[in-house]
Amino acid sequence: MVISTALWSFALVVGLLTLAPGLDTALILRTSALGRRRRAWGVVLGIQTGTLLWGALTSLGVTALLTASHLAYTTLRWAGAAYLVWLGARMLRDTFRGRPVPDTSDSVLLAGTDSVRGGWRQGTLTNLLNPKMGAFYVAVLPQFIPAGASHFAMGLLLTTVHILIGLIWSAVLIGFARVLHGWLRKPRARLLLDRITGTVIAAFGIRLALSD
């Protein structure tokens, strides 16, 4: 397999995975739809930071130890599951507290919450606490490294392809979410979005905890 063929084949695989709705999609859409564009981009950059770290660690062979050690994988799996359940439960709790829904004008939606740093931290934690990302890279990345190529350099190149596809798709999601922004100025719409997103995130956490 030549390098160009490896890149295109890998791009096809991760492209299909990126388009599949999941936790990342839910986080990006929800954050952006509420008018917090900078925080949404922070989430995107955090997710891609996690992807870069997983790719780099896999290229160095470190994450192979994670998949070889049942205890290490289980520990990270439970930590990730706990974080996702906590994140989703907190979001759901806020919609059932019984407090009056605050004014949803743009000034309120953006005030004190539109932070790239906060979004980056959330995106990075969500990605790094998902051991399936590490397992995916350990299982898939070596299959696209041509014989004789540097494992580290080629691994980073393939990871870069994954990141670029993720950034492009995230830009589409954020652009689409702007269409929803007017609708989400309605209190009931915001409650519905938070309940859907919180349920999805918590369900991912439970699924991760119960997975083999």
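Atom set for the values below is all heavy atoms of this structure, side chains included, hydrogens, waters and symmetry mates excluded. Along the sequence shown, residues are numbered consecutively beginning with 1.
- Follow the hydrophobic side-chain contacts under 4.5 Å out from Leu52 and you reach Val13 in the same cluster.
- Under the rule for a side chain to side chain contact (heavy atoms under 4.5 Å, CB included), the partners of Trp120 that lie at least two apart in sequence or sit in another chain are Leu45, Thr49, Thr124.
- For Ile206, the side chain to side chain contact (heavy atoms under 4.5 Å, CB included) partners two or more places apart in sequence, or in a different chain, are Val85, Leu210.
- In terms of hydrophobic clustering, with Ile, Leu, Val, Met, Phe, Trp and Tyr side chains grouped at heavy-atom distances under 4.5 Å, Leu129 and Trp78 are assigned to different clusters.
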Which donor-acceptor pairs under 3.5 Å do the side chains of residues 149-166 make with protein atoms, sequence neighbours left out?
unit_1 : atom_1 : unit_2 : atom_2 : d
Ser150 : OG     : Ala153 : N      : 3.3
Thr159 : OG1    : Gly155 : O      : 2.8
Thr160 : OG1    : Leu156 : O      : 2.8
His162 : ND1    : Tyr137 : OH     : 2.6

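- Clustering of Ile, Leu, Val, Met, Phe, Trp and Tyr by side-chain heavy atoms under 4.5 Å joins Trp8 with none of the others.
- Side-chain heavy-atom separations under 4.5 angstrom define the hydrophobic clusters, and the remaining members of the one that includes Leu12 are Leu16.
- Scanning for ring-ring contact (aromatic ring centres under 6.0 Å, His included) contacts around Phe10 gives Phe144, with sequence neighbours left out.
- Legend: ring-ring contact (aromatic ring centres under 6.0 Å, His included) pairs involving residues 11-38, not counting sequence neighbours: none detected.
- For the side chain to side chain contact (heavy atoms under 4.5 Å, CB included) test, residues two or more places apart in sequence or in another chain that qualify with Arg117 are Ser115, Arg121.
- Ile174 pairs by the side chain to side chain contact (heavy atoms under 4.5 Å, CB included) definition with Ile28, Ser32, Arg37, Ala40, Trp41, Val44, not counting sequence neighbours.
- Taking hydrophobic clusters as Ile, Leu, Val, Met, Phe, Trp and Tyr residues chained together by side-chain heavy-atom distances below 4.5 Å, Ile168 does not share a cluster with Val43.
- Smallest separation of non-hydrogen atoms from Leu128 and Trp54: O-CZ2, 3.3 Å.
- With sequence neighbours left out, Arg195 forms a side-chain hydrogen bond (donor to acceptor under 3.5 Å, both in side chains) with Thr95.
- Under the 4.5 Å side-chain heavy-atom criterion for grouping Ile, Leu, Val, Met, Phe, Trp and Tyr, Leu92 is not connected to Trp86 through any hydrophobic cluster.
- Looking only at side-chain heavy atoms (C-beta outward), Leu23 and Thr126 come within less than 4.5 Å of each other.
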